[in-house]
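Chain A is the first sequence line, chain B the second, and so forth, proteins listed ahead of strands; every chain is numbered from 1. FYI, side chains are in, hydrogens and waters are out, and symmetry mates aren't considered; it's all heavy atoms of this structure.
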There are 2 protein chains.
Amino acid sequence: MSKHPPSMRDVARRAGVSLSTVSRVMRGVPGVAPAVRERVQEAAAELSYVVSRNASGLVTGRTGRVAVLVPFLQPWFFGSVLAGISDGLQRAGLDMLVYQVGELRRQPGWTSALPLRRNSDAVITVAMDLSAEECGRLDEVGVPLVLTGQCLPGRAGVFIDDRQGAAKATRHLLNLGHTRVAYIGSEGGSWRGRSSRNRLEGFQSTMVDAGLAEWSVLSTPDHRGGELAMGELLSDHRPPTAVLTEFDDIAMGAHRTLRRSGIPVPGAISLMGFDNHEAAAVLDLTTVDQSPRAIGASAADLTVKILAGEDPPDRHVEMPTRLILRQSTSAPLLSE
Amino acid sequence: MSKHPPSMRDVARRAGVSLSTVSRVMRGVPGVAPAVRERVQEAAAELSYVVSRNASGLVTGRTGRVAVLVPFLQPWFFGSVLAGISDGLQRAGLDMLVYQVGELRRQPGWTSALPLRRNSDAVITVAMDLSAEECGRLDEVGVPLVLTGQCLPGRAGVFIDDRQGAAKATRHLLNLGHTRVAYIGSEGGSWRGRSSRNRLEGFQSTMVDAGLAEWSVLSTPDHRGGELAMGELLSDHRPPTAVLTEFDDIAMGAHRTLRRSGIPVPGAISLMGFDNHEAAAVLDLTTVDQSPRAIGASAADLTVKILAGEDPPDRHVEMPTRLILRQSTSAPLLSE
DNA sequence: AAATCTGTTGAAAACGTTGCCATAGCGGAC
DNA sequence: GTCCGCTATGGCAACGTTTTCAACAGATTT
């Protein structure tokens, strides 16, 4: 066995045909005699040869790769979206390049620091909350751009209606009979800008529509922040009977504070999250599901369609949110 | 602006130099006059040109990409390891290709279904628990292989001592004074084969060394399984006073069962997990930390070193485990 | 029997980059 | 003033594919 990986030429020699024929077989294009085709496939298998995307990309102009941009990789949410994207791309025979741009993003020209230009066929962003200007810079790369977790006019994207999701959650609490409902949101600076605002608005407008005072506090975007914010709410002279949080991590922090304070959930205080974190089930946390994996899969499908040239009519895919009822919400105590 | 991405030729024309010079500048090799160098960089910036890895890889034989193989993408653990790998690779200017091979793996020849051959410079596996045979097949690809989460003789890898970690956890419980300690492990079929066995062995040997009966039950590898297994333990005629689980998800399920049964933790039963799941902090779960992000970063560094040709003496990196003491463990009740 | 057509195959020119070799300058030593 | 050595630059052949076009055989038509 030669020490260098086999090339198409090696396969051609082994099968006793020309380069062109091997190329045709490998791409599965018609116009090759069945006997020859089989012989070539056999030779390729024996050498365990695979086509070099590098070389083929050079001439076709396609790399067979899609770049996925995520702010961070650690939070569970991104793993789920990536899983969906991976599924979709794999089905289409595309590879997935993942770039974690959290740190990088502070630099003004970060978009050109990424070797996207000739190295991927499309770019999918995951919950990046891009500004119009950043989008424009990515456009310059010259490949299709598909957004996830945000909705920008005229741009392909997959997203949920955060506003409606939060409204749904709020209404659930109101329907149970709560009137003193507080909201814990994350303060700016996190990677969820627009989505954050939308959820807050969904809460606020529902409260206002119901003729109730809207009441919200801010926290850092992690469970630690939820703990502190909950403590703050408990120190109010009339604490809320129900609390909605911007996402599950915050709710989980709040849950901890309640548990430590010996306040029964949902007995004294009903608690709701948002996202359906994998750990939410364990905490029996009522929440709003947004199935990130489906979002990812949908984004991948959209990308594949765009790459195939079939410009789909609905370049905006809105994924549904579902209320997941668990044991952390109930009607308020009658004494109230 | 031309509709096609700029090539090195365009930059050369704009800067009034030859292709070779541009190539030298882009690669940062010495032997170019400072004035010319600056002029070329300027021209490249104006065209927002980036080198095509496709083309350069074709001649250098290096792709500038590393393939990362994970069984699944969804569980939090993989996101963390990927984050670490991404950090390390980014620092070295390498791109990260991610392949989710969970489903694919059932097929016997799955390793050749991946376009690794000429498309990546190295392969990192994450908690794949590969057999020697599978490793051999990946060797055939002809690129360095770095394992993560498993230790195979003669192979580069980063891992933790699962056995010792479990032993450490068990000893913690014994030191608290517990004598009836049960272990909930996952039954086979999950992606954690060797690691699973090692943790069990660590528990068993520590118990035996202490002259105590080892007592373990199996569950499915998720929190659901933990719930059921805990229920099973509670129905014993003399339930345990402490429970160690193979990993945090199981512990979180067990915690739920305890909470629902009104059994105080750690009052009546002490509970321990393993892994330091991001949600473990919220549950106040005592656990064993294995900082997956550091594992990933370490694997990436190792890979970069191997690619640089400097064969590091310690191709086996053992990462430390740390006991994280929280509020889910305490001494058993005196009445026992 | 000549002409046309159809289906298969091979030869050669791209693609965008890097590596090697040649060459043009230019300063200093003889 | 010639020769040497040095540095900065350009030219050209790779790299491994795809693509276009031409060539060829055999079958069918005229």
Inset, instruction - Taking all non-hydrogen atoms of both residues into account, name the closest pair between A/Q100 and A/P71 and its distance. - result: CG-O, 3.8 Å

Inset, instruction - Please figure out whether B/T21 or A/M8 has its closest DNA chain D nucleotide nearer the 5' end. - result: B/T21

Inset, instruction - Check whether any side-chain N or O of A/S18 sits under 4.0 Å from OP1 or OP2 of C/dG10, and answer yes or no. - result: yes

Legend entry - Qualifying residue, where the test is side chain to side chain contact (heavy atoms under 4.5 Å, CB included) with B/V123 and the options are B/L116, B/L114, B/L97: B/L116

Legend entry - Heavy-atom donor-acceptor pair, A/D129 side chain to A/R194 backbone, under 3.5 Å: yes

Inset, instruction - Specify the separation, in whole Å, of atom CZ of B/R62 and atom P of D/dG16. - result: 16 Å

Inset, instruction - Check whether any side-chain nitrogen or oxygen of B/S23 sits under 4.0 Å from OP1 or OP2 of C/dT18, and answer yes or no. - result: yes

Legend entry - side-chain N/O A/R9 vs D/dT17 OP1/OP2, d < 4.0 Å: no

Legend entry - Interatomic distance, B/N119 CG vs D/dG16 P [rounded to whole Å]: 13 Å

Inset, instruction - Would you kindly compare A/L58 and A/G16 by the position of their nearest DNA chain C nucleotide and give the one closer to the 5′ end? - result: A/G16

Inset, instruction - Could you check which of C/dT17, C/dA11, D/dG16 has an atom nearest any side-chain atom of A/S20? - result: C/dA11

Inset, instruction - Between C/dA11, D/dT18, C/dT17, spot the one nearest the side chain of A/V51, thanks. - result: D/dT18

Legend entry - Distance, rounded to the nearest Å, where B/R27 contributes CZ and C/dG19 contributes C1': 8 Å

Legend entry - B/S52 side-chain N/O to C/dC15 phosphate OP1/OP2 under 4.0 Å: no

Legend entry - Relative orientation of the end axes in the helix from C/dA1-D/dT30 to C/dC30-D/dG1, expressed as an angle to the nearest 10° (five pairs per end): 60°

Legend entry - Check: B/R9 main-chain N/O paired with B/S7 side-chain donor or acceptor under 3.5 Å: yes

Inset, instruction - Check whether any side-chain heavy atom of B/M96 lies under 4.5 Å from a side-chain heavy atom of A/L73, and answer yes or no. - result: yes

Legend entry - d(CE, A/M26; C1', D/dT19) in whole Å: 17 Å

Legend entry - Reading 5' to 3' through nucleotides 21-27 of chain D, protein heavy-atom contacts under 4.0 Å coded B for base, S for sugar-phosphate only, - for none: -------

Inset, instruction - Measure across A/I306 and A/P144 and return the closest heavy-atom pair with its distance rounded to 0.1 Å. - result: CG2-CB, 3.8 Å

Legend entry - Heavy-atom closest pair, residues A/Q150 and A/L130: OE1-N, 2.8 Å

Inset, instruction - Rounded off to whole Å, could you give me the CZ-to-C1' distance for the B/R13 and D/dT9 pair? - result: 18 Å

Inset, instruction - Go through residues 28-48 of chain B and report each residue with a non-hydrogen atom lying under 4.0 Å from DNA chain D, sorted by number. - result: B/G31, B/V32, B/A33, B/V36

